[in-house]
There are 2 protein chains.
Amino acid sequence: MKFSKATNYALHTMLYLLAFAPDKPVGVQQLADAHRVSPTYLSKILTKLVKAGLIESASGANGGYRLKGKKEEISMLDIIHAVEGTASLFECCDGEDDRCLIRREMRNAENAMEKHLHDTKMIELAAALPIR
Amino acid sequence: MKFSKATNYALHTMLYLLAFAPDKPVGVQQLADAHRVSPTYLSKILTKLVKAGLIESASGANGGYRLKGKKEEISMLDIIHAVEGTASLFECCDGEDDRCLIRREMRNAENAMEKHLHDTKMIELAAALPIR
DNA sequence: GCGTGATTACTCGGATACAAGATGTCCGAGTTTGAGCGG
DNA sequence: CCGCTCAAACTCGGACATCTTGTATCCGAGTAATCACGC
């Protein structure tokens, strides 16, 4: 039960884009250098963000990844869901048996965390960065 | 990022003990039958609960596992921590760098979930079970 | 100056390799209960 | 009826085996900008 490194990379990359390049596309190489990750691996992760509609990719020379859509609304939860999936963190009791009290409480706890993540917008973090 | 099945088994077993056998030791075989798990595997999980001080084991004939200590105070978080460990769910930025805003917010979200799990006591769930 | 083609700098996606952790099994060793047996 | 012994029923812990998932790399294919060249 851990958040994957992929989620970590995705969050930091999104923060980077918001803070340093809100409009221009940035190459995978540059993003990878900024966080000490392999470019090809980071590319795989960013593909998930593209599919989720958070960013878009530009092919060819001077291509790269660029923010897409309403930047103010991007929450931490959006990014986490894009990378980790939206499935519940806790599964038990064969499917959708709502009589399982343990499952119900686990879902409630999970929702508490997700609410916090949903209320935290990436653009606020970008604005609070000490050095830009 | 998923809770392990081991956590699932641990939670259900604890609920079972609280509801059906608050005092008597129950054999691993019986507990395993109740949740369709291999007895030896369940034994491995319960060993963690023993080390955490939530239950105690009785060797020999008529032995088994029994609740230990103040039953009213056992929370879901206690069990989860016993099985999954107490480490933070999110790690990044080499160690304890508190300047990382992403890490800070992830910790906050995590704490929100843990608070909910801490406030949910197992004995309440046992009392709310429909069929006993 | 202008169009055309080649080059270059990129991303995309699949296939693959590797590592770690979760899951599950097996077995030998130790421990307690209780039954059997002899006195 | 008492005490001893022994078998049975347990748990404990370590050592495996297996399976899934996360992590990471490689490579061929496609695409867009730019440069070079010839007209």
Side-chain angles (χ1 to χ4, degrees), chain A residues 1-13 17 21 24-68 80 82-85 87 89-92, chain B residues 1-13 17 21 24-33 35-68 80 82-85 87-92:
Chain A
M1 169 68 175
K2 280 254 179 193
F3 283 99
S4 67
K5 291 187 184 178
T7 301
N8 181 7
Y9 298 148
L11 286 167
H12 278 91
T13 300
L17 286 176
K24 289 183 180 178
V26 182
V28 135
Q29 186 65 56
Q30 183 180 342
L31 295 171
D33 287 347
H35 302 112
R36 314 281 169 83
V37 203
S38 139
T40 51
Y41 182 45
L42 184 60
S43 148
K44 271 195 143 18
I45 300 167
L46 295 185
T47 298
K48 293 185 180 179
L49 297 182
V50 170
K51 286 183 180 161
L54 297 174
I55 58 179
E56 62 189 355
S57 72
S59 296
N62 292 333
Y65 294 92
R66 174 177 32 192
L67 291 171
K68 179 182 172 186
I80 294 172
V83 177
E84 306 246 353
L89 303 184
F90 188 80
E91 295 297 336
C92 73
Chain B
M1 170 69 174
K2 280 254 177 193
F3 283 99
S4 67
K5 291 186 184 180
T7 301
N8 180 6
Y9 298 148
L11 285 168
H12 278 91
T13 300
L17 286 176
K24 289 183 179 177
V26 181
V28 131
Q29 186 65 56
Q30 183 180 345
L31 295 170
D33 288 346
H35 302 112
R36 315 283 169 83
V37 204
S38 138
T40 49
Y41 182 46
L42 184 59
S43 149
K44 271 193 142 19
I45 300 167
L46 295 184
T47 297
K48 293 185 179 178
L49 298 182
V50 170
K51 284 183 180 160
L54 297 174
I55 59 179
E56 62 189 356
S57 72
S59 297
N62 292 334
Y65 293 92
R66 174 178 31 194
L67 291 170
K68 180 182 172 187
I80 294 172
V83 177
E84 305 249 354
S88 180
L89 304 184
F90 188 82
E91 295 296 337
C92 72

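Lettering follows sequence order; numbering is per chain, from 1.
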Query raised in the report: Are the side chains of A:Met1 and B:Met1 in touch, meaning some heavy atoms are under 4.5 Å apart?
Result: yes
Requested in this report: On DNA chain C, check which nucleotide each of B:Thr7 and A:Val28 is closest to and give me the residue with the more 5' one.
Outcome: A:Val28
Query raised in the report: Quick one: is A:Tyr9 getting a side-chain N or O under 4.0 Å of the D:dG22 phosphate, OP1 or OP2?
Result: no
Report summary line: For A:Val28, the side chain to side chain contact (heavy atoms under 4.5 Å, CB included) test, sequence neighbours excluded, returns A:Pro39, A:Ser43, A:Leu46, A:Tyr65
Query raised in the report: Of the nucleotides D:dT25, C:dT33, D:dG13, which has the atom closest to the B:Asn62 side chain?
Result: C:dT33
**Report entry** Whole-Å gap separating P (C:dG21) and CG (B:Leu89)
**Finding:** 15 Å
Query - Spacing between A:Ile45 atom CD1 and D:dG22 atom C1', to the nearest angstrom - result: 10 Å
Report summary line: Between CZ of B:Phe3 and P of C:dG21 the distance, given in whole Å, is 18 Å
Query - D:dT25 phosphate, OP1 or OP2, under 4.0 Å from A:Tyr41 side-chain N/O - result: no
Query - Atom-pair distance (CE on B:Met1; C1' on C:dA22), nearest Å - result: 16 Å
Query raised in the report: Considering only side-chain heavy atoms of B:Ala61, which listed nucleotide, D:dT11, D:dA9, C:dT25, is closest?
Result: D:dA9
Query - Atom pair distance, as rounded to whole Å: CD in A:Gln30 and P in C:dT11 - result: 10 Å
Using nucleotides 26-30 of chain C, report all nitrogen or oxygen pairs with the protein that are shorter than 3.5 Å.
none

Requested in this report: Could you list the residues that satisfy side chain to side chain donor-acceptor pair (under 3.5 Å) with B:Ser38, not counting sequence neighbours?
Outcome: B:Thr40
Query - B:Ser4 vs C:dT23: side-chain N/O to OP1/OP2 distance below 4.0 Å - result: yes
**Report entry** B:Glu84 side chain vs B:Thr7 backbone, donor-acceptor pair below 3.5 Å
**Finding:** no
Query raised in the report: Rounded to whole angstroms, how far apart are NZ on A:Lys48 and P on D:dT21?
Result: 12 Å
**Report entry** Interatomic distance, B:Ile80 CD1 vs C:dA22 P [rounded to whole Å]
**Finding:** 15 Å
Query raised in the report: Can you list the residues that meet the side chain to side chain contact (heavy atoms under 4.5 Å, CB included) rule with B:Ser88, with sequence neighbours excluded?
Result: B:Glu91, B:Arg107, B:Glu110
Query raised in the report: Please give, in whole Å, the distance from D:dC10 C1' to B:Glu56 CD?
Result: 16 Å
Query raised in the report: Taking only residues two or more places apart in sequence or in another chain, which ones pass side chain to side chain donor-acceptor pair (under 3.5 Å) with A:Asn62?
Result: none
Query - Non-neighbouring partners of B:Ala61 that pass side chain to side chain contact (heavy atoms under 4.5 Å, CB included), sequence neighbours left out - result: none
